[in-house]
Amino acid sequence: MNWSSTKYKDGLASRRDGKVARLDPIIPGIDLAGTVIEPGSSKFAAGTPVVVHRYDLGVAHHGGYSEYARVPAEWVVPLPEQLTQQQAMALRTAGFTAALSVIALEDHGLRPESGPVLVTGSTGGVGSTAVFILANRGYEITAVTGKPDAAEWLRSLGATEVIGRTRRARRVPAPSAREVFRRNRLRGRRDACCGPGVHAISIGRRCLG
């Protein structure tokens with residue numbers, strides 16, 4: 001085990017009142033990057049750089065804040081050649097999730113010429129990374145946020161348009177998400193999380209899967 005990262009969930013797992021950890025005591029760390037030492041029956045050879053995200057890591061299974069980690073083979077993902085282990089943990093679980101979301105959209109036929117892609121929860125870890133990935137792949141991005149002060153930052157990541165979750169988001173100079181859907185302009189959707197505004201976003205959208 002060489003690298004991990006620090007996330008809000010790790011903090012909750014470290015607290016008795018955090019209501020996250022299902023093992024006591026537990027070693028936190030909901031993601032990790034390291035090198036295979038004993039592959040067991042897995043497909044990975046010793047010396048293979050790998051990452052582990054999600055599942056019960058750091059919640060019901062000892063996590064990445066340890067010198068060694070033993071995890072089920074199905075949890076393990078080979079490290080992409082373009083990334084170092086440190087870079088993978090800088091992207092963290094949020095980056096991994098955002099990348100999977102983009103892959104899923106494209107597997108369902110989404111392409112840059114399909115039209116604008118809506119990203120909700122766009123100031124969060126998953127949402128902001130999704131904005132950046134999609135923009136760099138040539139997509140037109142409409143970012144939804146309840147934080148008007150983050151509009152310029154979202155545009156710097158590649159968002160073409162920034163809209164508020166509701167009409168009450170007066171400081172974002174754009175229509176609400178509901179209004180955009182009424183215009184039937186959006187062809188893809190990346191929901192970073194379930195929260196305020198998701199119900200409105202479901203109205204009139206074209207579902208890709």
Side-chain angles (χ1 to χ4, degrees), residues 3-12 30-31 53-54 80 82-84 86-106 108-208:
W3 294 91
S4 185
S5 62
T6 302
K7 296 152 294 296
Y8 183 69
K9 192 173 183 179
D10 295 317
L12 292 177
I30 66 168
D31 51 24
H53 297 278
R54 308 178 302 157
Q82 301 91 333
L83 294 177
T84 66
Q86 183 180 14
Q87 288 171 334
M89 289 299 97
L91 293 170
R92 304 183 298 172
T93 301
F96 186 74
T97 304
L100 289 178
S101 301
V102 173
I103 290 171
L105 286 170
E106 293 188 338
H108 282 79
L110 186 71
R111 296 293 182 269
E113 58 270 21
S114 302
V117 177
L118 186 80
V119 180
T120 65
S122 57
T123 58
V126 177
S128 60
T129 307
V131 169
F132 182 79
I133 293 173
L134 287 162
N136 278 272
R137 293 181 68 80
Y139 289 91
E140 181 182 346
I141 309 300
T142 298
V144 180
T145 180
K147 301 176 181 178
D149 294 339
E152 288 306 313
W153 176 66
L154 289 168
R155 291 189 181 95
S156 75
L157 293 177
T160 308
E161 183 180 13
V162 180
I163 62 177
R165 287 195 301 247
T166 68
R167 293 174 184 271
R168 290 188 295 275
R170 297 295 186 184
R171 288 184 291 171
V172 178
S176 69
R178 182 184 293 270
E179 290 169 337
V180 172
F181 272 112
R182 282 175 176 164
R183 287 185 242 147
N184 195 28
R185 294 178 52 226
L186 299 167
R187 296 294 178 266
R189 184 180 72 151
R190 162 57 257 169
D191 279 337
C193 61
C194 293
V198 173
H199 177 69
I201 284 171
S202 298
I203 298 173
R205 70 180 176 88
R206 174 186 171 192
C207 184
L208 296 176

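Nearest heavy atom pair, residue Pro112 against residue Tyr139, reads N-CE2, 3.3 Å. Nearest approach of Gly124 to Ser128, heavy atoms of both residues: O-OG, 2.6 Å. Pairing each heavy atom of Ala130 with each of Ala98, the nearest pair is N-CB, 3.7 Å. Here the closest non-hydrogen pair linking Thr145 and Lys147 is OG1-N, 2.9 Å. Of all heavy-atom pairs between Gln87 and Gln82, the closest is OE1-O, 3.8 Å. Between Ala94 and Gly125, the shortest heavy-atom contact is CB-C, 3.6 Å.
Listed by chain and number, the residues in a side-chain hydrogen bond (donor to acceptor under 3.5 Å, both in side chains) with Arg111 amount to none (sequence neighbours excluded). Looking at residues two or more places apart in sequence or on another chain, you find a side-chain hydrogen bond (donor to acceptor under 3.5 Å, both in side chains) between Glu152 and Arg155. For Phe132, there are no ring pair (Phe, Tyr, Trp, His ring centres under 6.0 Å) partners two or more places apart in sequence or in a different chain. Remark: Lys9 engages no residue in a side-chain hydrogen bond (donor to acceptor under 3.5 Å, both in side chains) (not counting sequence neighbours). Residues satisfying the side-chain contact (heavy atoms from CB on, under 4.5 Å) criterion with Arg54, sequence neighbours excluded, are Thr93, Phe96, Leu100. Annotation: side-chain contact (heavy atoms from CB on, under 4.5 Å) contacts of Ile103 (sequence neighbours excluded): Asp107.
Between the side chain of Ser4 and the backbone N or O of Asp31, at least one donor-acceptor pair lies under 3.5 Å. Proximity of a side-chain donor or acceptor of Ser122 to a complementary backbone N or O of Val144 within less than 3.5 Å is detected.
Interatomic distance, Ser5 OG to Leu91 CG, rounded to the nearest 0.5 Å: 10.0 Å. Note that CG of Asn136 is 9.5 Å distant from CG of Leu157, once rounded to the nearest 0.5 Å. To the nearest 0.5 Å, atom NZ of residue Lys7 and atom CG of residue Leu12 are 12.0 Å apart.
Contact check for Leu154 versus Ile141: no side-chain heavy atoms found under the 4.5 Å cut-off.
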### Task
Verify side chain to side chain contact (heavy atoms under 4.5 Å, CB included) between Trp3 and Thr84, making sure each step is shown before the conclusion.
CA-CA 10 Å; Trp3 294 91; Thr84 66; over 6 Å; no
